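Basis for what follows: all heavy atoms, side chains included, without hydrogens, waters or symmetry-related copies. The model shown is predicted, which means the values in this text are computed figures rather than measured ones.
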Amino acid sequence: MTKQEILDILDKNAAGERSSMKLAIGGGIVMLLGSIAMFIFMEDRMWAYILGGAGVFVIFGGIRAMKTNMYEKQAQKIKDVFYTNPSDLVWSYELVMKGNVSNLKQVIMKFRDGTQFEIAQDAIPSNDCSDLVRGLTAINPKMIVGYNEETEKLYNAKQL
């Protein structure tokens, strides 16, 4: 996988996160409307307040993330690291979260400054997380590949 393909994946991942925020805003609106219905039709209004408050937080959080271009800024930050100081990418691995129906896979990239960036499998054209991790080693051949608890401890202690 070439550096340009990796940069394109970062852009695609940012676009996917933006779409997720749009869905979250829609979900927040549904929660808010549900809380209004609960407030009108139920005697115990505590759950209406809770649902409404949660809906407001979801809406404002999604709007804030989209308005500040948070995901695009994260992608740009990583691109800058790849071009200016690729040794700041110190560790990368594939994470598989097992669910009841399917597994969610993503690539985790960890940087020297303690930041972490996730790329969903859906953003990778080949849908192969291992392919992306191998491509990242071309950017920083000294990067640690693969997960283990000892590496996690070293990373958290800022010893990588």
Side-chain angles (χ1 to χ4, degrees), residues 1-32 53-160:
M1 183 170 289
T2 66
K3 186 184 276 190
Q4 186 56 49
E5 288 172 326
I6 293 172
L7 298 176
D8 292 343
I9 289 170
L10 290 170
D11 290 334
K12 184 177 179 184
N13 189 65
E17 294 293 339
R18 182 172 272 284
S19 296
S20 296
M21 278 301 107
K22 290 177 183 177
L23 286 173
I25 291 170
I29 291 170
V30 168
M31 290 170 67
L32 196 56
V56 168
F57 280 117
V58 169
I59 292 168
F60 283 121
I63 290 172
R64 181 181 174 277
M66 289 181 61
K67 191 173 182 178
T68 61
N69 294 324
M70 181 174 81
Y71 302 110
E72 290 83 358
K73 287 179 182 176
Q74 286 176 339
Q76 187 59 48
K77 178 182 175 186
I78 293 170
K79 288 178 188 181
D80 292 344
V81 166
F82 287 169
Y83 282 115
T84 60
N85 202 4
S87 63
D88 280 352
L89 175 61
V90 293
W91 183 24
S92 183
Y93 57 91
E94 180 180 346
L95 177 67
V96 179
M97 293 182 281
K98 298 185 187 249
N100 291 337
V101 178
S102 66
N103 295 335
L104 175 66
K105 293 182 182 181
Q106 55 186 196
V107 173
I108 307 296
M109 292 184 289
K110 298 208 176 205
F111 296 88
R112 190 173 313 283
D113 65 359
T115 59
Q116 172 177 309
F117 191 75
E118 301 91 14
I119 296 181
Q121 180 181 10
D122 297 344
I124 304 168
S126 64
N127 280 341
D128 184 5
C129 292
S130 301
D131 189 30
L132 177 58
V133 173
R134 282 189 301 275
L136 292 171
T137 59
I139 292 171
N140 181 10
K142 295 179 183 177
M143 168 187 78
I144 296 173
V145 175
Y147 180 85
N148 65 51
E149 289 182 18
E150 184 177 321
T151 305
E152 182 80 34
K153 288 177 187 174
L154 288 171
Y155 180 79
N156 290 336
K158 299 191 187 282
Q159 294 179 350
L160 291 183

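Shown here for Q121 and C129, the closest heavy-atom pair between the two residues is CB-SG, 3.9 Å. Minimum heavy-atom separation, S126 to D131: OG-OD2, 3.5 Å. Shortest non-hydrogen contact noted between A14 and Y71 is CB-O, 3.8 Å. Nearest approach of G62 to M21, heavy atoms of both residues: CA-SD, 3.6 Å.
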Please determine whether side chain to side chain contact (heavy atoms under 4.5 Å, CB included) holds for the pair W91 and T151, giving the CA-CA distance in whole Å, both sets of side-chain angles, and the decisive distance to 0.1 Å.
CA-CA 9 Å; W91 183 24; T151 305; 3.4 Å; yes

Kindly determine whether L104 and V96 satisfy side chain to side chain contact (heavy atoms under 4.5 Å, CB included), including the steps that lead there.
CA-CA 6 Å; L104 175 66; V96 179; over 6 Å; no

Any chance you could lay out the side chain to side chain contact (heavy atoms under 4.5 Å, CB included) test for V133 and Y93, step after step, and finish with the verdict?
CA-CA 7 Å; V133 173; Y93 57 91; 5.9 Å; no

Before you tell me yes or no, could you show the steps for L132 and I119 under side chain to side chain contact (heavy atoms under 4.5 Å, CB included), namely the whole-Å CA-CA distance, both residues' side-chain angles and the distance that decides it to 0.1 Å?
CA-CA 9 Å; L132 177 58; I119 296 181; 3.9 Å; yes

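With a 4.5 Å cut-off on side-chain heavy atoms, F111 and K77 do not count as touching. Between L95 and Y147 the shortest side-chain heavy-atom distance does not fall below 4.5 Å. Side-chain atoms of Q106 and I124, non-hydrogen and from C-beta on, never get closer than 4.5 Å to each other. Side-chain contact check for V56 versus L32: some heavy-atom pair is nearer than 4.5 Å. The shortest distance between side-chain heavy atoms of L7 and F82 falls below 4.5 Å. Taking the side chain as every heavy atom from C-beta outward, D11 and K79 approach each other to under 4.5 Å. Annotation: side chain of E17 is not in contact with side chain of Q74 (no heavy-atom distance under 4.5 Å). Between M109 and I78 there is a side-chain heavy-atom pair separated by less than 4.5 Å.
Heavy atoms from other residues, nucleotides or ligands lying under 6.0 Å from CD of Q4 number more than 12.
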Tabulate below the donor-acceptor pairs under 3.5 Å that side-chain atoms of residues 135-146 make, not counting sequence neighbours, or state none.
{"from": "T137", "atom 1": "OG1", "to": "R134", "atom 2": "O", "distance (Å)": "2.4"}
{"from": "N140", "atom 1": "OD1", "to": "K142", "atom 2": "N", "distance (Å)": "3.1"}
{"from": "N140", "atom 1": "ND2", "to": "P86", "atom 2": "O", "distance (Å)": "3.4"}
{"from": "N140", "atom 1": "ND2", "to": "L89", "atom 2": "O", "distance (Å)": "2.5"}

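Listed by chain and residue number, S130 satisfy the side chain to side chain donor-acceptor pair (under 3.5 Å) test with E94 (two or more places apart in sequence, or in another chain).
Side chains of N69 and R18: a donor on one and an acceptor on the other come within 3.5 Å. Side-chain contact check for Q116 and E118: at least one donor-acceptor pair (N or O, by modelled atom type) lies under 3.5 Å.
At distances below 3.5 Å, at least one donor-acceptor pair connects side-chain atoms of S92 with backbone N or O atoms of I108.
To the nearest 0.5 angstrom, R64 atom CZ is 13.0 Å from F57 atom CZ.
Between K110 and E152 a salt bridge is recorded (basic side-chain N to carboxylate O distance below 4.0 Å). A salt bridge between D122 and K12 is absent, with no side-chain N of the basic residue lying under 4.0 Å from a carboxylate O of the acidic one.
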